[in-house]
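Counting convention: from 1, in listed order, for ligands and their atoms alike.
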Amino acid sequence: MAKAVESDPGSGGSDVPRLSLDSIRESLIRQEDTIVFSLIERAKFPLNSPAFEESRCLDSGNSSSLTEFFVREIEILQAKVGRYENPEENPFFLENIPHSVFPTHKYPPILHTKAVSVNINKRIWDVYFKELLPLLVKPGDDGDYPSTAASDLACLQALSRRIHYGKFVAEVKFRDAPQDYEPAIRAQDKEALMKLLTFEKVEEMVKRRVQKKAETFGQEVKCVSGDEKNYKVDPLLVSRIYGEWLIPLTKVVEVEYLLRRLD
Ligand SMILES: O=C(O)C(=O)C[C@]1(C(=O)O)C=C[C@@H](O)C=C1
């Protein structure tokens, strides 16, 4: 992923993290590639809803679906190697996240401590399985639930990282103009914050760019040239996924973060 945080060369060699809205947006642009690819990969499989809707676990004490079980177990393993020490990563199942069993990398302390815990993964999970996935994949069931669950995890983690990156976006916007944000934060005025952090032109550009990426990455490649182009995922749908869910949820995270920014 593109690095959004740099040391300030003017800080006398100390490691003061410097942030700019441009570098944060560069990271969001790089994350688009991961998201578009993960959606293309998921579209190989049909919906396979029993994997995430039904509890078929043979272990009598466990009522989770195969997908939920898979995500919980992978998150535990990834936590043990330090994944959630990284403030860009947020687990879906918070309650059983263990500490890393290895020495961890020291991530620069960028986010405000009282606001760092914003986590809307429950909402992302519901949106993904109930709204987004049925539009992305063909209906049906081919029984390949392990591959489907692995593919869902890749999508969920990429979407969650992008949406929670809203914390970094919000932090840099606050640092750039605290005088604009402080009155709305003190009044806990969500609407005013939403207005302050919205750049409609940027949103339009994001939607156009991801459509183009889906056209480029998802085009069926043929050796014989012809006029007809086929795509593995409808590029307009990718643009819609950004417009209806990814950008709005990123903004929800930005608002939730800012509401706590002066705590
Ligand atoms: O780039 C920003 O300023 C962001 O806050 C990110 C983002 C997005 O999700 O892409 C969200 C809100 C803005 O209106 C524009 C774009």
Side-chain angles (χ1 to χ4, degrees), residues 1-6 17-39 87-90 110-112 115-116 118-121 123-128 131-132 135-136 155-182 184-185 189-217 233 235-262:
M1 189 190 307
K3 237 182 156 190
V5 182
E6 293 159 20
R18 189 185 50 176
L19 286 179
S20 75
L21 193 50
D22 282 348
S23 64
I24 291 283
R25 284 181 176 153
E26 275 303 312
S27 176
L28 288 176
I29 290 170
R30 185 65 184 81
Q31 290 182 51
E32 289 165 8
D33 303 358
T34 315
I35 291 172
V36 173
F37 273 120
S38 67
L39 296 175
E88 291 179 22
E89 302 293 351
N90 297 269
I110 293 162
L111 299 178
H112 185 63
V116 75
V118 170
N119 182 323
I120 64 161
N121 272 337
R123 196 156 157 195
I124 295 173
W125 182 281
D126 283 346
V127 162
Y128 177 76
E131 298 180 55
L132 196 158
L135 295 174
L136 179 76
C155 290
L156 285 165
Q157 288 188 328
L159 300 178
S160 171
R161 187 181 310 115
R162 197 277 179 199
I163 290 165
H164 288 98
Y165 213 72
K167 295 183 213 176
F168 292 87
V169 186
E171 177 63 26
V172 76
K173 285 179 179 169
F174 176 82
R175 284 192 202 177
D176 284 349
Q179 69 287 355
D180 295 344
Y181 283 92
E182 277 181 17
I185 296 172
D189 186 341
K190 290 187 183 189
E191 227 171 280
L193 288 171
M194 193 58 98
K195 229 178 183 165
L196 279 168
L197 61 82
T198 295
F199 294 84
E200 269 159 27
K201 280 203 175 125
V202 176
E203 294 183 19
E204 286 312 311
M205 204 153 60
V206 171
K207 285 190 277 177
R208 277 208 310 274
R209 192 174 48 241
V210 294
Q211 181 180 334
K212 216 164 172 192
K213 286 187 180 183
E215 282 167 8
T216 310
F217 305 161
V233 166
L236 282 174
L237 175 63
V238 174
S239 176
R240 183 177 160 201
I241 287 172
Y242 263 78
E244 278 187 33
W245 296 294
L246 291 198
I247 296 174
L249 288 172
T250 304
K251 289 161 74 168
V252 167
V253 167
E254 290 188 48
V255 169
E256 289 302 316
Y257 180 88
L258 287 165
L259 288 171
R260 297 161 173 77
R261 184 57 182 77
L262 297 176

I need the single residue from Lys190, Lys167, Arg261 that forms a salt bridge (Lys or Arg N to Asp or Glu O under 4.0 Å) with Glu256. Which is it?
Lys190
For Ser160, enumerate each residue passing the side-chain hydrogen bond (donor to acceptor under 3.5 Å, both in side chains) test, keeping only those at least two apart in sequence or located in another chain.
Asn121, His164
Show me which atoms of ligand 1 lie under 4.0 Å from any heavy atom of [X].
X	result
Thr250	9 (O)
Phe199	3 (O), 13 (C), 14 (O), 15 (C)
Thr198	14 (O)

Could you give all pairs that pass the salt bridge (Lys or Arg N to Asp or Glu O under 4.0 Å) test and reach residues 240-252, with sequence neighbours left out?
Glu203-Lys251, Arg240-Glu244
For ligand 1, is there an N or O atom under 3.5 Å from any N or O atom of Val202?
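No: no nitrogen or oxygen of Val202 is under 3.5 Å from one in ligand 1.
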Distance from atom 6 (C) of ligand 1 to nearest protein heavy atom, with residue and atom:
Glu254 OE2, 3.9 Å
Given [options], which has its nearest heavy atom closest to [atom]?
atom	options	answer
atom 4 (C) of ligand 1	Lys173, Glu203, Glu32	Lys173
atom 8 (C) of ligand 1	Lys207, Arg25, Arg162	Arg162
atom 12 (C) of ligand 1	Met205, Lys251, Glu204	Lys251

Short N-O contact, Lys212 and Glu215, less than 4.0 angstrom
no
Decide, yes or no, whether a salt bridge links Glu171 with Arg175 under the criterion of side-chain N to carboxylate O below 4.0 Å.
yes
Candidates Leu236, Val206, Val238 - the one meeting side chain to side chain contact (heavy atoms under 4.5 Å, CB included) with Gln211
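Exactly one candidate clears the test, Leu236.
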In this structure, which one of Ile35, Leu132, Leu39 forms a side chain to side chain contact (heavy atoms under 4.5 Å, CB included) with Cys155?
Leu39
Given that the side chain starts at C-beta and the backbone is N, CA, C, O, which of these parts of Ile247 lies under 4.0 Å from ligand 1, counting heavy atoms, or is it both or neither?
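Contact part for Ile247 vs ligand 1: both backbone and side chain.
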Can you tell me which portion of Leu197 lies within the under-4.0 Å heavy-atom range of ligand 1? Options are side chain, backbone, both, or neither.
backbone
